[in-house]
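Step one of this worksheet: look at the structure below.
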Number of protein chains: 2
Amino acid sequence: MIMEFEKIADILKALADPTRLKILSLLRIRDCCVCELVPIFNISQPAISKHVSRLKTAELVRETRKGQWVFYSINEKRLEEIGYAISHLPDLSEELRKLEQQGLTVTCE
Amino acid sequence: MIMEFEKIADILKALADPTRLKILSLLRIRDCCVCELVPIFNISQPAISKHVSRLKTAELVRETRKGQWVFYSINEKRLEEIGYAISHLPDLSEELRKLEQQGLTVTCE
DNA sequence: TAATAATATAACCATATTGTTATATGTATA
DNA sequence: TATACATATAACAATATGGTTATATTATTA
């Protein structure tokens with residue numbers, strides 16, 4: 001299915017941060033909870049919590065509570081979806097057609 | 001080749017904007033110059049110019065001057081690279097191993 | 001129940017992002 | 001050369017982002 005530009009941009013914004021990319025790379029190895037991620041990064045627990053929350057909003061990770069811990073797992077399907085979305089962006093041929101009708105296209109050489 | 005987290009994040013930031021995604025979608029149809037893009041979007045000429053400049057910095061588009069116009073073309077290779085980079089993020093197993101050595105991993109159930 | 005541990009949220013700050021208008025630069029043409 | 005057109009850059013404003021510390025929430029355990 002074709003994903004809207006705004007939706008794709010929103011998911012890409014969630015991905016477009018080195019810390020969040022590192023979290024995803026770690027979750028590829030195994031599920032982790034926030035308290036395991038904290039000592040790996042030089043940022044506070046609330047900062048990590050906000051990063052995983054951002055990934056969750058974009059459905060790039062899923063959470064499972066296990067007692068006092070919340071384990072996060074990667075949603076590989078979502079990553080595949082975003083790859084597909086980038087190579088199948090919504091078609092804007094109509095916009096270019098309108099431009100031509102208005103005589104606003106540039107023809108050179 | 002494996003791309004560093006910061007580099008991937010930087011390219012993803014260039015992609016993570018609806019206007020820039022629409023520009024890329026238009027360039028998939030044919031090369032365009034800034035003056036053709038302006039009437040398609042509800043933003044000023046300098047705003048469009050800055051967007052294509054951001055895409056150029058990330059090597060997602062290339063420019064060719066033709067007389068007074070600058071035509072922009074999509075660099076599909078770069079888009080493929082970023083797709084590959086996302087599915088082959090740098091490996092952080094070592095970080096998790098250190099965590100285990102320090103006894104900071106959580107074992108439950 | 002009280003204390004502890006893990007996580008999330010609130011309030012705040014510094015910086016980045018994305019738009020604006022004004023202006024500079026580069027190229028073609030009268 | 002002077003003018004016009006396309007594009008880029010500068011200066012600025014509003015909002016978003018990513019960090020901080022303090023505190024609230026949720027679950028476990030003494």
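Treat the numbers as computed from the prediction; the structure is a model and nothing was measured. Convention: sequence-line order gives letters A, B, ...; per-chain numbering from 1.
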(request) Rounded off to whole Å, could you give me the NZ-to-P distance for the B:K66 and C:dA28 pair? (result) 14 Å
(message) Taking 4.0 Å as the cut-off, does a side-chain nitrogen or oxygen of A:S44 come that near to OP1 or OP2 on D:dT20?
(response) yes
(message) A side-chain contact here means heavy atoms from C-beta on lying under 4.5 Å apart; do A:I23 and A:Y72 qualify?
(response) no
(message) Starting the side chain at C-beta, find the nucleotide from C:dT7, D:dT7, C:dT20 nearest to B:V70.
(response) D:dT7
(request) Could you check which of C:dA6, D:dT20, D:dT7 has an atom nearest any side-chain atom of B:C33? (result) D:dT7
(request) Please determine if A:K22 and A:D17 form a salt bridge, counting it only when a charged side-chain N lies under 4.0 Å from a carboxylate O. (result) no
(message) Using the side-chain heavy atoms of A:T19, tell me which of these nucleotides is nearest: D:dA8, D:dG19, C:dT7.
(response) D:dG19
(request) Sugar-phosphate means primed atoms, P, OP1 and OP2; the rest is base. With that split, encode nucleotides 10-18 of chain D 5' to 3' as B, S or - using protein heavy atoms under 4.0 Å. (result) -------SS
(request) Calculate the interatomic distance between A:I43 atom CD1 and C:dA14 atom P; express it in whole Å. (result) 19 Å
(request) Using a strict cut-off of less than 4.0 Å between a Lys/Arg side-chain nitrogen and an Asp/Glu carboxylate oxygen, indicate whether B:E80 and B:K77 qualify as a salt bridge. (result) no
(request) Measure from CZ on B:F71 to P on C:dT27 and round the result to the nearest Å. (result) 15 Å
(request) Taking B:E95 for its side chain and B:L92 for its backbone only, find out whether a donor-acceptor pair lies under 3.5 Å. (result) no
(request) Check every strand shown and say whether A:Y72 touches a base, only sugar-phosphate, or nothing at a heavy-atom separation below 4.0 Å. (result) sugar-phosphate
(request) Please state how far atom CG in A:L104 lies from atom P in D:dA6, giving the value in whole angstrom units. (result) 10 Å
(request) Would you check if B:P39 and A:L99 make a side-chain contact, meaning some heavy-atom pair closer than 4.5 Å? (result) yes
(message) Would the base of D:dA8 count as contacting B:Q45 through its side chain, where contact means a donor and an acceptor less than 3.5 Å apart?
(response) yes
(request) Specify the residue among A:N42 and A:Q68 whose closest nucleotide of DNA chain D lies further upstream toward the 5′ end. (result) A:N42
(request) Side-chain contact test, heavy atoms from C-beta onward, threshold under 4.5 Å: evaluate it for A:I74 versus A:L60 and give yes or no. (result) no
(message) Rounding to an integer number of Å, can you tell me how far A:R65 CZ sits from D:dT28 P?
(response) 8 Å
(request) Determine, using the 4.5 Å side-chain heavy-atom cutoff (strictly less than), whether A:L27 and B:L104 are members of one ILVMFWY cluster. (result) yes
(request) Round to a whole Å and report the spacing from CG of B:D31 to P of D:dA6. (result) 18 Å
(message) In this structure, how many angstroms lie between the P atom of C:dA6 and the CD atom of A:E36, rounded?
(response) 11 Å
(request) May I have the distance from A:L55 (atom CG) to C:dA8 (atom P), rounded to whole angstrom? (result) 12 Å
(request) Output the single nucleotide from C:dT9, D:dT9, D:dA6 whose closest atom is nearest the side chain of B:S49. (result) D:dT9
